[in-house]
Amino acid sequence: MMFGYSDEWWVLLFFPVVWWVPFGPFVMGIMGWWCASRPGRRPRLWSVLLPLEPVAVSTTAMVLPLSGWDDPARLDDVLGFLAVYVGGITLFPWLLVYGITRARRALRSRRSASAGAAQGPADTAAED
């Protein structure tokens with residue numbers, strides 16, 4: 001241990017975990033907008049790959065060591081972690097922005113279609 005910090009290399013894996021808490025919802029919101037705006041595999045692939053490291057490392061740290069699973073309060077801790085960290089910080093912002101973006105695009109499409117139908121077909125009598 002040097003200067004009060006661990007000398008283990010795996011501690012570096014926790015830096016994205018710490019940064020994911022304040023910035024993760026914004027990043028996932030942007031990813032939700034990107035997936036709703038652009039069809040294809042690339043946005044969806046990045047929506048999975050981007051949070052993979054911080055969520056996997058923190059989940060591993062929460063689940064291990066396996067010897068502590070005899071305590072019934074451990075299950076409550078893990079379920080709370082999954083609800084807040086995985087659900088609240090990672091999934092909820094993505095779903096919220098994705099849904100808002102899709103609904104907004106559908107409303108705009110419906111408005112432009114109804115505005116076009118209200119005007120009717122092009123008036124060809126003026127050209128005669």
Side-chain angles (χ1 to χ4, degrees):
M1 192 136 141
M2 181 189 310
F3 306 113
Y5 299 104
S6 175
D7 290 336
E8 300 291 332
W9 65 269
W10 55 266
V11 173
L12 295 174
L13 295 174
F14 284 95
F15 283 113
V17 172
V18 172
W19 285 104
W20 192 250
V21 173
F23 299 117
F26 299 108
V27 171
M28 290 310 291
I30 292 169
M31 297 309 293
W33 168 81
W34 190 27
C35 284
S37 304
R38 312 243 191 288
R41 259 188 210 162
R42 188 173 169 188
R44 281 148 185 82
L45 180 67
W46 277 106
S47 289
V48 172
L49 292 178
L50 195 66
L52 188 64
E53 196 276 335
V55 172
V57 168
S58 60
T59 304
T60 304
M62 190 67 187
V63 170
L64 294 178
L66 297 175
S67 61
W69 281 97
D70 298 336
D71 184 19
R74 178 78 182 261
L75 181 62
D76 294 337
D77 292 342
V78 171
L79 290 177
F81 164 78
L82 290 174
V84 172
Y85 197 81
V86 176
I89 294 176
T90 306
L91 292 177
F92 180 69
W94 188 93
L95 290 171
L96 182 68
V97 174
Y98 181 84
I100 290 171
T101 305
R102 295 293 294 198
R104 195 178 108 234
R105 289 182 74 193
L107 285 174
R108 281 187 178 175
S109 173
R110 188 176 299 156
R111 284 182 188 157
S112 65
S114 66
Q119 290 177 357
D123 188 19
T124 57
E127 295 175 5
D128 291 333

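With sequence neighbours left out, L45 forms a side chain to side chain contact (heavy atoms under 4.5 Å, CB included) with L49. Under the side chain to side chain contact (heavy atoms under 4.5 Å, CB included) criterion, I30 pairs with no residue, sequence neighbours left out. Applying the side chain to side chain contact (heavy atoms under 4.5 Å, CB included) rule to R38 yields the partners W34, P43; only residues at least two apart in sequence or on another chain are considered. Y98 is linked by a ring pair (Phe, Tyr, Trp, His ring centres under 6.0 Å) to W94, counting only residues two or more places apart in sequence or in another chain.
Between P93 and G87, the closest heavy-atom pair is CD-O, 4.4 Å.
A 6.0 Å sphere centred on CZ of F81 holds more than 12 heavy atoms belonging to other residues, nucleotides or ligands.
Follow the hydrophobic side-chain contacts under 4.5 Å out from F26 and you never reach I100; the two are in separate clusters. F23 and V57 fall into different hydrophobic clusters, where Ile, Leu, Val, Met, Phe, Trp and Tyr are joined by side-chain heavy atoms under 4.5 Å apart, directly or via other members. Under a hydrophobic-cluster definition in which Ile, Leu, Val, Met, Phe, Trp and Tyr are linked whenever side-chain heavy atoms come within less than 4.5 Å, directly or via other members, V55 and V63 are assigned to the same cluster. Transitive grouping of hydrophobic side chains (ILVMFWY, heavy atoms separated by less than 4.5 Å) keeps V97 and F92 in distinct clusters.
R105 places a side-chain N or O within donor-acceptor distance of the main-chain N or O of A36, the cut-off being under 3.5 Å.
F15 belongs to a hydrophobic cluster whose remaining members, ordered by chain and number, are L12; membership requires side-chain heavy atoms of ILVMFWY residues under 4.5 Å apart, directly or through intermediates. Clustering of Ile, Leu, Val, Met, Phe, Trp and Tyr side chains at separations under 4.5 Å leaves L107 isolated, with no partner residue. When hydrophobic side chains of Ile, Leu, Val, Met, Phe, Trp and Tyr are connected at separations under 4.5 Å, V84 ends up as a singleton with no cluster partners.
The side chain to side chain donor-acceptor pair (under 3.5 Å) contacts involving residues 55-82 comprise nothing, where partners must be two or more places apart or lie in separate chains. The side chain to side chain donor-acceptor pair (under 3.5 Å) analysis of residues 23-32, with sequence neighbours excluded, yields no pairs. Contacts classified as side chain to side chain donor-acceptor pair (under 3.5 Å) and involving residues 11-33 (residues at least two apart or in different chains) are given here: W20-T90, W33-S37.
Note that the CG atom of L91 and the CE atom of M28 stand 7.0 Å from one another [nearest 0.5 Å].
You'll find the side chain of L50 stays beyond 4.5 Å of the side chain of V48, heavy atoms only.
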